[in-house]
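Everything quoted here is computed from the prediction, not taken from an experiment. Chain letters run A, B, ... following the sequence lines, proteins first and then strands; every chain starts at 1.
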Amino acid sequence: MAEPGVTQRLAAAGAAFTDPPAEGTVSTEPGALDAAGTRSPLSGLLGPAGGPVTFEERPFVGKLTLRGDPSNADFMAAAGKVLGTDIPTDPCRFVEHDGFRVHWIGFDNWLIHVPEGAEGPLKTKLEAALEGIHSAIVDVSDYYTVIRVQGAKARRLLQKGCPIDLHPRTFGPGQCAGTVFHHAAIFLAQTDADTDGGASYDIQIRWSFARYLWDYFVDGAREWGG
Amino acid sequence: MLTIKCPWCGEREQIEFTAGGEAHIARPENTAELSDEEWGAYIYTRTNPKGVHYERWVHSHGCGKWFNAVRHTVTDIFWDVYKIGEEKPAVPEDWDGATTRAQYQAATQKTAAPDGNEK
Amino acid sequence: MTKYSIFSLIRNALSYHENWQKAWRSPDPKPAYDVVIVGGGGHGLATAYYLAKECGITNVAVIEKGWLGGGNTGRNTTIVRSNYLWDESAALYDHAIKLWETMSQDLNYNVMFSQRGLLHLAHNVHDMQEIGRRGHAIKLNGIDSEFLSPAQVKEMVPIINLNCRYPVMGALLQRRGGTARHDAVAWGYARACDAMGVDIIQNCAVTGFEIEDGTVKAVETTRGRIGAGKVGVVTAGHSSVMAEMAGFRMPLESFPLQAFVSEPLKPVIDCVIMSNAIHAYISQSDKGELVIGGSGDPYISYSQRGSFDQVEHVAGPVLELYPVFSRVRMMRQWGGITDVTVDRSPILTKTPVGNMYFNCGWGTGGFKATPGSGHVFAHSIAKGEMHPIAAPFSMDRFNTGALIDEAAAAAVAH
Amino acid sequence: MSQSYRIEGKGRIDRSKPIRFTWNGRSYQGYQGDTLASALLANGVRLVGRSFKYHRPRGIMTAGSEEPNAVVQLEEGARTEPNTRATMAELYDGLTANAQNCWPSVEFDVGALNAKLSRFFPAGFYYKTFMWPAALWEPLYEKIIRRAAGMGESPEEIDPDSYAQHFAHCDVLIAGGGPAGLSAALAAGRTGARVILADEGAEFGGSLLADTVEIAGKPAADWIAETVAELTAMPEVTLLPRTTVSAYYDHNFLTLTERVTDHMGPRADDSVPRQRFWKVRAKQTILAQGAIERPLLFADNDRPGVMLASAARTYINRYGVLPGREIVVFTGNDSAYPAALDAKAAGARVEIVDLRTDPKGPLVDHARAQGIEIHAGCGITGTRGTKALHGCDVAPLSEDGKSLADEPFSIGCDCIAVAGGWNPTVHLHSQARGKLSWDDTKQCFVPGYCQWPTRSAGAGNGTFDLAGCLDEGLKAGAAAAHEAGFGKGAAPEAPAVELSEEGPARQVWIVPSDVPLGHGKKHFHDHQNDVTAADIHLAAREGYVSVEHLKRYTTTGMGTDQGKTSNVNALAVMADIRNARIPEVGTTTFRPPYVPTTFGAIGGQNRRHLFLQERTTPMHAAHVANGAVFEDVGDWKRPWYFPRDGEDMHEAVQRECRQARETCGLLDASTLGKIDIQGPDAAWFLNMMYTNKWDTLAVGKGRYGVMLNEHGMVIDDGVTTRLAENHFHMTTTTGGAARVLGMLEEWLQTEWPERQVYCTSVTEQWAVCTITGPNAKALMADLTDDIDVDPANFPFLAYRTGTVAGAPARVYRISFTGDLAYEVNVPARHGLAVWTTILERGRKHGLVQYGTETMHVLRAEKGFIIVGQDTDGTVTPMDLGMNWIVSKKKDDFIGKRSHSRSDTAREGRKQLVGIMTEDPNVVLPEGAHLVNQPGKPPIAMEGHVTSSYMSPNVGRSIALGLIKGGRDRIGDTLHAPMMDGKTVHKVTLTEPVFFDKEGKRTNG
């Protein structure tokens, strides 16, 4: 914890920390720290309220990358035991269990999303369980942030920059993929499908690209009154 | 823009990949014993064929994995993709690159089967 | 060869232009020639031209598998400059510019070489260091070179957006740089060669080389065997294919490179403008089209066609540097095959095969060198010794490590 | 004269919605549903432009995007748009357009002088002249040429409209929404396949919109309406009107340009994009773009009033406009007869000039029955009228069609509707690498084999009768859907249409006139570029016979219409000259796009702040608030320097440099690349990637390393720390972050897959605050209570974990300044707070925040290199005087072998040295070159200055450079000539260390 005094001063000085808002954004950006003295890359930015597509940052989701050899039964067993679920071996799928989400990134590479703060303990548990097994667990919670995009036009918005076919016939809930949105490398996961033909996606994006992606979404949503 | 089949993720757009040049150029073990010519050939000389090319790609914005592919450099049609360490697939002499592997095999089977029974 | 001039034009106008002669003959190949040049592009034709004009070798054939100038000669963005970093490059490319400056008169064919100036923009500190280094080197090599301030850039190119994503911090100007009419270069050389007795043989593809105890004796073609005292191979993107026929390999890879033109507009850009950081290079032709160059596709391909990626990669930068073009239309896109070396410098060289010479590896920037390349290559073939300007570009530099690394030095590769 | 050419009760325009528009400054009225072209014709405006070369008066020739003549400057000011086809511009209220390429006006154009001198400007004339005197080329000749260059004018203001891009995937993409396209969509759509149907026009229906035919016993319009209604109801079918399929790339990737709001005119609100650029990956495509009618090549065939018969019919039936009151239909086939009949029915006086000696069949009989005079076996041998057509000469032709059989006679007319046959629109097929084959009976190119999954249907496939189009469309749709995995491939029954049987056609490629070709009269085939049959004869005469030479020499087909109406006629003329069949002459490859596409559309949203990301560190907000001036480093925005009240860059940097050495300084080093490396083979791997040894490194300690490529040249450097036996934390340069990780992965995956190493980028996980200087220790002590920061216990290159400024931190004793320094890494979320806290606590320790410029000066004082500035990819560690870092014990590492190549091993390579100017106040420009003796260029250069600064701590200017044999020339005097060609600075080569040579300060 940073000393409270500092935090409060920063919060008060908030306005002073505002970036010049990029042209075309509807964002307001206090840019101040939260009570914990921390700050996420999209802190203070507001997406379109309501409308056919909405998006918001999900700051500080706990994120671990897990590396290991899927053909090593010990590894699969040990990791699965800690996570309470078999880690997915089907490409571009994720499984959810007890607040954990385990995404397949590559054949020997998984991305684990957990509630804020749970990453540390989980990392420790995994390291203990995988002692002596060639593997790697790295905390990347602050490397990336997550933007949740949902609504009837969520798919249309993503297809403005993402080349993957997100049509329900080829991409649905439980599927994830590393891909791009124009210049930004993203990792997207479809969390569920709405009745109104829309869907909900979590987009994981690098800290330093988050603002670019956000501004793109803001600009892209304008034609639907976003 | 090509579509490239990542052996793990399946068909994706080229913008998710990075080209890695000619495949199956193994780094010499005994670099110290090589002549300048041998070493130069290893770093610089390439087959650069007008036709069947064994090449490397990496799904850099996808799963991040390297793999090999066989592509015809005139038609830009892929014959096959395969994982690192897998056997280099043989390509029939008479494949002119103007058909996919499936089309080629369908055609050859057709000619093979006198009753003209397809599939 | 009837001389072209305003007078011959008027004279012929009176006879309804019905008495013009063929610009060049279309002879059948003779059984043998002193020198056979493989490849009827600018470099090949220039080589034949100087063999005949300066080396007294007129028993020469230029064989071309398609139509003259149909390769990169007719597909490039016609930029001519000599502001290269390394001494070896500067010598070669400036040798070329000097020949460009008198080419129309030498050939009696207007190749419209126009030295309207060429700008390299610098958008960040690294760019500034790069043009600073190149600018000084060029100057000390006796080649014209100036630094411009952003204000001076704006003066030369009023429609430019200095305050773009990477603001323009300065520029390197070569006033002697510019453009030329690419097709005319091939046609002009062909006509002049023909007049000196060189046989220009189109639609004649090489199918193999006849090599006896390590020395080339003849070229096998779709129009039969053609005996050859010496062979000069100038086939750009297809050099690896030729080398394979001759039994050796080259340090080359062939990549597609693309170019674009807009619909014709009343002139708004006079000089050539190149930018690395915001990757687009642009000029405006005498017909009014914006001529725009992109970067190459990242994979080997012999398909001479445009791919989509480059369209997008070019449109963004163009709009960033010249936002006023947003409502202007892109009219045509095409591709060429560039033979690229690892050091982005050409290869002018003897080969493992006796009497066989290669001139290749020009990558994305061969057009500007056309006359110089042909000139030194012709002298090398004639003497059997590489011309001093050509010598550093021989292929054994890839064994000794004596690369001429324009790529590493981050000079523009176009 | 208000719309005096309108036909009562005809057309699909909405007469209840009159629209005012302005043409050449004059106000006119049209209707909703008009194009600019139809509205101009309705108002009797014929002269709409001037040709490119001769400035001949030109009128509207077509009713589509193939228009070569009616190309106008749309709107003015910020929204002005050059070269817009009047035939495609939908009329909206207040539309303003002007004629192009004429001065002072389209009526009286000075440039028309060229027409008078035209005989002196044959094809390629400029190659033959303007060469003497050479000195005059640029100042005079080229200036004249450039003045004549171009057509429309570029906008000079920023485009106020917005654009968008969109990726789409479908099972079947159909280009063209005419009878064939609509049928294809229907058949494919019914299978449930994902279908995209795109059509250039505002309405679907294509040629049917101009036809009077009945389908299944109902007017075609009804069939269109029903079909569109059914398609609209299909959830997986996307209908895109006003959308041109502009390009067909490899692997069935196509781009579409949708004109979303163009037809509404300028709009204040730009939230809806003006144009949308679709990037479509289609499993199957169906090309149903129809066919374009061929003009006939006859003498002076370019007068305003000469138009395609199909266009004439379109204006009559679709727009309710009579293209003329006295119409001569000039044809060699039956397809023009309906136009004649419709014109007659609309009240025009109509005569038909038919090349065929004995035209037969129902259409011909019908025409006769309507009292239309048919001049059989005749051709038009000349036309009269300059700014508007008012008559033509007609004569019987000889049997071979090459000469006149009799004296010409005159017919008064204000419109000639020409019908020279049809060219299937094979552009997309050809773009897709599809082959073309020549159909002798149809006299046109038709699609052949294509390596990509595509089909052509309808007129675009050479099937010109309506019944055939509908049937082919349905079959193609069903088959394409089937191959994409939908339906059984069986096509629905085609609706009945009464067959209007057509008689055989007669093709006369060049209609003779009373004078030889090129003697006065002009047979234009390329109207926009003014290329005539005589020009092709000239080209042939001079040997430019290959199609590509022909095109380039005469500029045929190089205009904005890309030769849609001219190419085949040009080939025919060449074939005639060479006595060859057209396919023997060859065909040109069609290049994308099908019709020109705005850069705006292609760019989409990727403009302005979305052109390229601006990457910033977690502390960015603080830097902005603290008045930092930013430097672009790659796509990062890094603080360059922090000017205080009124300081310029130099003053700020001098202050930062001095203070950082005197007390302490703070740098945001977050952008440095960071890679987590784990595994039993990690140390072995580092041994291969770096030149020095890593297996010997103690846990908890770091080491500096340089990385080479296989050429043996330095490509990156940084400190790597051993966190545990099999666990390393590597740092790279900012620019190298991605490249280095990519290289590590490439080697691991492709060369050593059996090695057990995992690499993970953690660059942005950590915010990095570097604290340096004599007071760094004291400041650190104020920031942490669980790390012993005393250098005695926390040695150089060691690392510790603990809490700094309230955040969990990894602290590395790394120094890029040579002073005592601590690199504080905290999770990014804490970056801003920690940074501000450090600034806060630093105050009493005299802390100064500094940017990249000061960082560069401080490292240069110590002779530390910057990869990419002091190296350029041609520099070995030995060249840098770093022999010590190249392990002699290791038998291999990446790049090692290259060092023993003759040139890489030779003496006298460029080596890193220090450079001192004689005058301590002179700061050499970076990039300046050194010479042994100044003189007149060319001068031999010894090397160049890579880094150069004014150093307040050394008290003079300092520089680093790469100099030939430099290590052996320390102490030598050289010279640095400046760009002005006059100034020369005397310099001395020194050791590349200027400050704290003994390195005492590293531990404070």
Side-chain angles (χ1 to χ4, degrees), chain C residues 4 6 9 13 16-17 20 22-24 67 70 104-105 109-110 114 124-125 129 132-133 136-137 139-142 147 165-166 183-184 263-268 286-288 306-308 311-312 315-316 318-320 323-334 400-402 405 408-409, chain D residues 81-83 119-120 122 127-131 134 138 142 145-146 149-151 153-156 158-159 249 253 518-519 538 541-543 546 548-549 552 560 591-592 596-600 602-603 606-607 611-612 632 872-874 901-904 925-929 937-939 941 944 979:
Chain C
Y4 289 159
I6 183 74
L9 192 65
Y16 304 101
H17 301 287
W20 288 108
K22 286 228 178 310
W24 59 83
W67 40 282
S104 292
Q105 287 67 33
Y109 201 103
N110 191 347
S114 166
N124 52 43
V125 174
Q129 290 163 340
R133 179 184 179 187
H136 283 90
K139 185 96 175 178
L140 293 175
N141 269 316
F147 294 135
R165 168 63 176 83
Y166 297 123
D183 296 320
E263 291 184 333
L265 305 172
K266 295 293 172 198
V268 285
D286 284 349
K287 204 168 172 299
S307 83
F308 170 70
V311 181
E312 205 172 31
V318 165
L319 289 175
E320 185 66 8
V324 298
F325 291 150
S326 170
R327 297 174 95 87
V328 173
R329 298 187 193 85
M330 197 252 276
M331 182 167 79
R332 191 167 61 251
Q333 161 192 23
W334 66 91
T400 63
D405 208 332
Chain D
E81 183 179 282
N83 307 326
R119 63 159 31 178
F120 301 108
Y127 300 130
K128 295 176 175 147
T129 178
F130 298 137
M131 287 180 283
E138 268 152 69
E142 197 192 26
I145 292 175
R146 284 182 85 78
M151 310 238 314
E153 295 188 348
S154 164
E156 288 170 359
I158 304 296
D159 188 345
Y249 298 101
F253 186 80
H519 290 226
L538 173 60
R541 199 170 293 131
E542 298 192 85
S546 112
E548 289 297 332
H549 285 164
R552 292 153 179 263
T560 60
R591 309 267 180 220
T597 307
T598 60
F599 285 102
I602 299 166
N606 309 340
R607 304 196 299 165
F611 164 61
L612 188 66
D632 287 304
D872 63 4
T874 69
R901 297 177 304 183
S902 57
D903 184 78
T904 322
E926 283 163 351
H929 282 61
I939 318 174
M941 289 167 264
H944 76 287
M979 282 295 274

Side chain to side chain donor-acceptor pair (under 3.5 Å) involving D/Arg901 - partner list, sequence neighbours excluded: B/Tyr44, D/Thr904

Donor-acceptor contact below 3.5 Å, side chain C/Arg329 vs main chain D/Asn83: yes

Nearest-0.5 Å distance, CZ of residue D/Phe120 to CD1 of residue C/Ile6: 8.5 Å

Value rounded to 0.5 Å, distance of OG in C/Ser307 from CZ in D/Phe253: 9.5 Å

Rounded distance (nearest 0.5 Å) linking atom CD1 of D/Ile602 with atom CZ of C/Phe308: 7.5 Å

D/Pro155 side chain near C/Val328 side chain, heavy-atom distance below 4.5 Å: yes

Euclidean distance, D/Phe611 CZ relative to C/Tyr166 OH, rounded to 0.5 Å: 8.0 Å

Under 3.5 Å: donor-acceptor pair, side chain of C/Lys266, backbone of D/Gly150: yes

Atom pair OG1 (D/Thr597) and CE (C/Met330), whose distance is rounded to the nearest 0.5 Å: 6.5 Å

Verdict with supporting geometry, C/Phe325 and D/Phe599, ring-ring contact (aromatic ring centres under 6.0 Å, His included): CA-CA 7 Å; C/Phe325 291 150; D/Phe599 285 102; 7.1 Å; no

D/Asp632 side chain near C/Arg165 side chain, heavy-atom distance below 4.5 Å: yes

Working for side-chain hydrogen bond (donor to acceptor under 3.5 Å, both in side chains), residues D/Thr560 and C/Glu263: CA-CA 6 Å; D/Thr560 60; C/Glu263 291 184 333; 4.8 Å; no

Between C/Leu9, C/Asn124, C/Leu140, the one whose heavy-atom pairs under 4.5 Å with chain D are most numerous: C/Leu140

C/Ser326 side chain near D/Thr598 side chain, heavy-atom distance below 4.5 Å: no

Side-chain heavy-atom pair D/Glu542, C/Trp24 within 4.5 angstrom cut-off: no

Residues in side-chain contact (heavy atoms from CB on, under 4.5 Å) contact with C/Asp183, at least two apart in sequence or another chain: C/Arg181, C/Trp187, D/Arg552

Contact leader toward chain C among D/Arg146, D/Glu142, D/His929, where contacts are heavy-atom pairs under 4.5 Å: D/Arg146

Closest-packed option against chain C by number of heavy-atom pairs under 4.5 Å, given D/Met979, D/Arg591, D/Glu81: D/Met979

Closest-packed option against chain D by number of heavy-atom pairs under 4.5 Å, given C/Gly288, C/Gly70, C/Ala402, C/Pro323: C/Ala402

Contact winner vs chain C - D/Ala928, D/Ala149, D/Gly873, D/Pro122, heavy-atom pairs under 4.5 Å: D/Ala149

Pairwise side-chain contact, D/Met941 with C/His136, heavy-atom cut-off 4.5 Å (strictly under): no

D/Asp872 and C/Arg133, any side-chain heavy atoms less than 4.5 Å apart: yes

Donor-acceptor pair, side chain of C/His17 and main chain of D/Arg119, under 3.5 angstrom: yes

Gap between atom CH2 of C/Trp67 and atom CD of D/Glu548 - 0.5 Å precision: 4.0 Å

Structural part of D/His944 lying under 4.5 Å from a heavy atom of chain C: side chain

Polar side-chain atom of C/Asn110 near backbone of D/Thr129 as donor-acceptor pair, under 3.5 Å: yes

Note, C/Val311 side chain near D/Pro592 side chain (heavy atom, < 4.5 Å): no

Short side-chain to backbone donor-acceptor contact, C/Gln105 and D/Met131, under 3.5 Å: yes

Chain D contacts, top residue of C/Lys139, C/Gln333, C/Glu312 (heavy-atom pairs, under 4.5 Å): C/Gln333

Leading residue by heavy atom contact count with chain D [cutoff under 4.5 Å; candidates C/Ala184, C/Gly316, C/Ser114]: C/Ser114

Interface residue of largest heavy-atom contact number with chain C, from D/Glu138, D/Glu153, D/Glu156, under 4.5 Å: D/Glu138

Close side-chain approach of C/Leu265 and D/Met151, heavy atoms under 4.5 Å: no

